[in-house]
Each structure stands twice: as structure tokens, then as C-alpha cells.
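Since we're looking at a predicted model, the values are computed, not measured. The analysis underlying the following values was restricted to heavy atoms, covering all of them including side chains, and did not include hydrogens, waters or symmetry mates.
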Amino acid sequence: MERISLERIRLNESKKKPISVTAIHYNKNISLNKLLELLSTNKEEPVRYDKNNKNIYIKKKRGEISLKYGNWVIYEKNTDQCFWAIDNDIFLKTYTHVKGTVNTYRKNVYEVECIEFKSLADKDIVDVLEFLGYIAKETLEILQRDELIFSVRNQGYISILTLEGEERLYPSDILIKGIQGEYYPVKRENFDKVYEVIN
């Protein structure tokens, strides 16, 4: 199958590659102390626990994500070697347990839509905003969009509300629309390892 460059196409469909990950279901069967100890092994991403809501928060360079009680945490050795939280329903639809292992799961092959955030140029910002469903038609909407574009250029990123919290989409990152319509940013180098462009 021919790979097609994202530089030539703004909006693509991509196929998730079937890579293996280590996954742990954050539930009553897991020792909280052991899980926090494991998550704390990545010194670049501090972890904190909120005993009021049982959420575990992981501080990432692109924002803080929340591992909610009942969801899954994965570790992708083949990409950024970091921990990521995944909604329980999405995990069950997109991963399969590898027989004969305890915590190894394989990503299922499935298709998603994506767009590259090419630069801080107005057109590239508008392309991402439209991918997110922000279509400005009326005069007031256009003025608000122009204000948002100015803000994005000044801060250097677009804030993306993911299921796990607010994350930053930086130029050259890829924005994915997942299987339940959720959005999440992916660094370009990780995208190339995990996805294959199919159109």
C-alpha cells in the first residue's frame, strides 16, 4: 500500500497499525500504591492522585491528562515511552488481549480521520478549526474566529479538549478524530510509528 504524504493532503483517513502495548485497568483489583509507583517511573511526567474523585493526573508537556477510575493506562514502548490514559469503552473497542500474557494488548486496526497542524499561518489554523467543527459563516463568527487565530498565533498552539483533559496541538502535530468522535493530538514522529495514511 502506498503511503501518501500529509504535506500533499490536508485531511486524511489513517489506519492504526497493530502495535503491542502494556495496559493496566485502573479499578478495584489494582493496588493504587503500586500503580502510582509505576506511573512515577517516568520522572519527566509528574503524577498526582486526587483522593476525592480517585483520578490520577499525569503532567505532560502538552497539558495534564486525567486517568479516571475505571479507565485504562497504557505504555507504548515503540513510540514516546510514556503513559497515556484511555477511556474504558474506547479501549475495549480498540485493543485485544495477547494470549499467554498478563498486561500485553495489541491495538486493533481501525480507521480514523486526521489533519496535520502545518504552521501558525492563518489558513493552517482555520483548517484545524474547521476539522474541529468550528465553521465561521456569519460576521460575528468570523470576528470571533479571527480573534481565536490571533490568540493561537501568540501562544503557539491550539488547545484541544480531549477525553482525558486539555492538551496542546503544536505546529507539525497531527490531530486525530477517534472512533467515538473524540479528538487528540499526536506528535508527528509518534503518528508515523502508529498510523498509516490510507487516502
Side-chain angles (χ1 to χ4, degrees), residues 3-17 42-48 50 55-68 74 76 78-87 90 110-199:
R3 275 189 60 93
I4 297 177
S5 168
L6 284 176
E7 284 69 41
R8 291 190 290 155
I9 299 175
R10 291 204 170 281
L11 178 62
N12 294 285
E13 288 187 352
S14 296
K15 177 171 67 170
K16 195 91 167 189
K17 295 177 183 175
N42 185 343
K43 302 297 182 202
E44 294 180 22
E45 296 184 343
V47 175
R48 67 182 176 87
D50 185 333
N55 287 351
I56 298 172
Y57 297 91
I58 304 170
K59 182 75 173 167
K60 304 246 174 218
K61 291 178 184 173
R62 60 171 74 240
E64 186 174 67
I65 65 168
S66 170
L67 171 59
K68 296 177 178 124
I74 65 164
E76 291 184 345
N78 299 324
T79 59
D80 56 10
Q81 300 178 353
C82 295
F83 295 100
W84 292 96
I86 298 185
D87 174 84
I90 293 172
Y110 58 92
E111 294 179 12
V112 294
E113 291 180 272
C114 63
I115 190 168
E116 180 181 20
F117 182 25
K118 295 181 84 155
S119 74
L120 292 171
D122 288 8
K123 179 169 182 6
D124 295 330
I125 296 170
V126 168
D127 286 345
V128 172
L129 294 176
E130 288 180 352
F131 181 72
L132 289 165
Y134 187 169
I135 311 293
K137 294 180 181 177
E138 303 297 322
T139 304
L140 181 58
E141 293 171 330
I142 293 169
L143 290 172
Q144 290 171 333
R145 184 197 64 199
D146 290 347
E147 197 173 296
L148 180 57
I149 291 169
F150 179 77
S151 175
V152 167
R153 273 198 320 255
N154 283 339
Q155 63 192 16
Y157 60 86
I158 298 175
S159 292
I160 305 296
L161 186 58
T162 71
L163 293 177
E164 293 77 28
E166 190 173 299
E167 294 187 52
R168 297 175 182 142
L169 178 74
Y170 292 101
S172 82
D173 287 350
I174 309 298
L175 183 61
I176 306 287
K177 183 176 182 181
I179 64 166
Q180 291 187 339
E182 76 281 6
Y183 293 96
Y184 53 95
V186 177
K187 289 181 184 177
R188 179 57 190 255
E189 61 266 21
N190 292 338
F191 177 86
D192 291 338
K193 292 175 185 175
V194 179
Y195 294 89
E196 180 179 358
V197 176
I198 59 175
N199 79 344

Quiz item: Is any side-chain heavy atom of Asn55 less than 4.5 Å from a side-chain heavy atom of Leu67?
Solution: no
Quiz item: What's the shortest heavy-atom distance between Ile65 and Ala85, and which atoms?
Solution: CD1-N, 3.8 Å
Exercise. Working to the nearest 0.5 Å, report the span between CZ of Phe191 and CD of Glu196.
Key: 10.0 Å
Practice problem: Work out which heavy atom in Gly156 is nearest to a heavy atom in Tyr170; give both atom names and the distance. | Solution: O-CD2, 3.6 Å
Quiz prompt | Proximity of Phe131 and Tyr183 rings by center, below 6.0 Å | solution = yes
Practice problem: Using the side chain to side chain contact (heavy atoms under 4.5 Å, CB included) rule, take Val194 and Glu76 through it: C-alpha gap first, then chi angles, then the decisive distance, then the call. | Solution: CA-CA 10 Å; Val194 179; Glu76 291 184 345; 4.3 Å; yes
Quiz item: Roughly how far, to the nearest 0.5 Å, is CG of Leu132 from CD1 of Ile158?
Solution: 7.0 Å
Practice problem: Might you point out which heavy atoms bring Pro171 and Ser119 nearest each other, and give the distance in Å? | Solution: CB-CA, 4.0 Å
Exercise. I would like to know whether Tyr157 and Asp173 meet side chain to side chain contact (heavy atoms under 4.5 Å, CB included); could you show each step before the answer?
Key: CA-CA 10 Å; Tyr157 60 86; Asp173 287 350; over 6 Å; no
Self-check item: Derivation of the side chain to side chain contact (heavy atoms under 4.5 Å, CB included) call for Leu163 and Ile90
Solution: CA-CA 10 Å; Leu163 293 177; Ile90 293 172; 3.4 Å; yes
Quiz item: What heavy-atom pair brings Glu166 and Ser159 nearest, and what distance separates the two atoms?
Solution: OE2-OG, 3.3 Å
Self-check item: Pairs touching residues 136-148 that satisfy side-chain hydrogen bond (donor to acceptor under 3.5 Å, both in side chains), sequence neighbours left out
Solution: none
Quiz item: Could you state the interatomic distance from CZ (Phe150) to CD1 (Ile125), rounded to the nearest 0.5 Å?
Solution: 11.0 Å
Quiz item: Can you tell which of Lys60, Arg62, Lys61 makes a salt bridge (Lys or Arg N to Asp or Glu O under 4.0 Å) with Glu45?
Solution: Lys60
Practice problem: Please examine the side chains of Tyr195 and Val112, heavy atoms only from C-beta on, and report whether any two atoms are closer than 4.5 Å. | Solution: yes
Practice problem: Provide the closest heavy-atom pair for Val152 versus Leu120 in the form atom of the first, atom of the second, distance. | Solution: O-CD2, 3.9 Å
Exercise. State, yes or no, whether a side-chain contact exists between Ile56 and Ser66 at a heavy-atom distance under 4.5 Å.
Key: no
Self-check item: From CD (Glu167) to CG (Leu161), nearest 0.5 Å
Solution: 10.0 Å
Quiz item: Hey, does Ile86 have a side-chain heavy atom less than 4.5 Å from the side chain of Tyr184?
Solution: no
Exercise. Write down the atom of Asp127, the atom of Ile115, and the distance for their closest heavy-atom approach.
Key: O-CD1, 3.6 Å
Quiz prompt | Distance (rounded to the nearest 0.5 Å) between Leu169 CG and Glu116 CD | solution = 10.0 Å
Quiz item: Hey, mind stepping through Lys123 and Lys118 against side chain to side chain contact (heavy atoms under 4.5 Å, CB included) and telling me if it holds?
Solution: CA-CA 9 Å; Lys123 179 169 182 6; Lys118 295 181 84 155; over 6 Å; no
Quiz item: Would you call Arg153-Asp122 a salt bridge at under 4.0 Å N-O?
Solution: yes
Quiz item: Is there side-chain contact between Phe83 and Ile74, with at least one heavy-atom pair below 4.5 Å?
Solution: no
Self-check item: Point-to-point distance, once rounded to the nearest 0.5 Å, from CD of Glu113 to CD1 of Ile176
Solution: 10.0 Å
Quiz item: Are more than 12 heavy atoms from other residues, nucleotides or ligands located less than 6.0 Å from atom OH of Tyr134?
Solution: yes
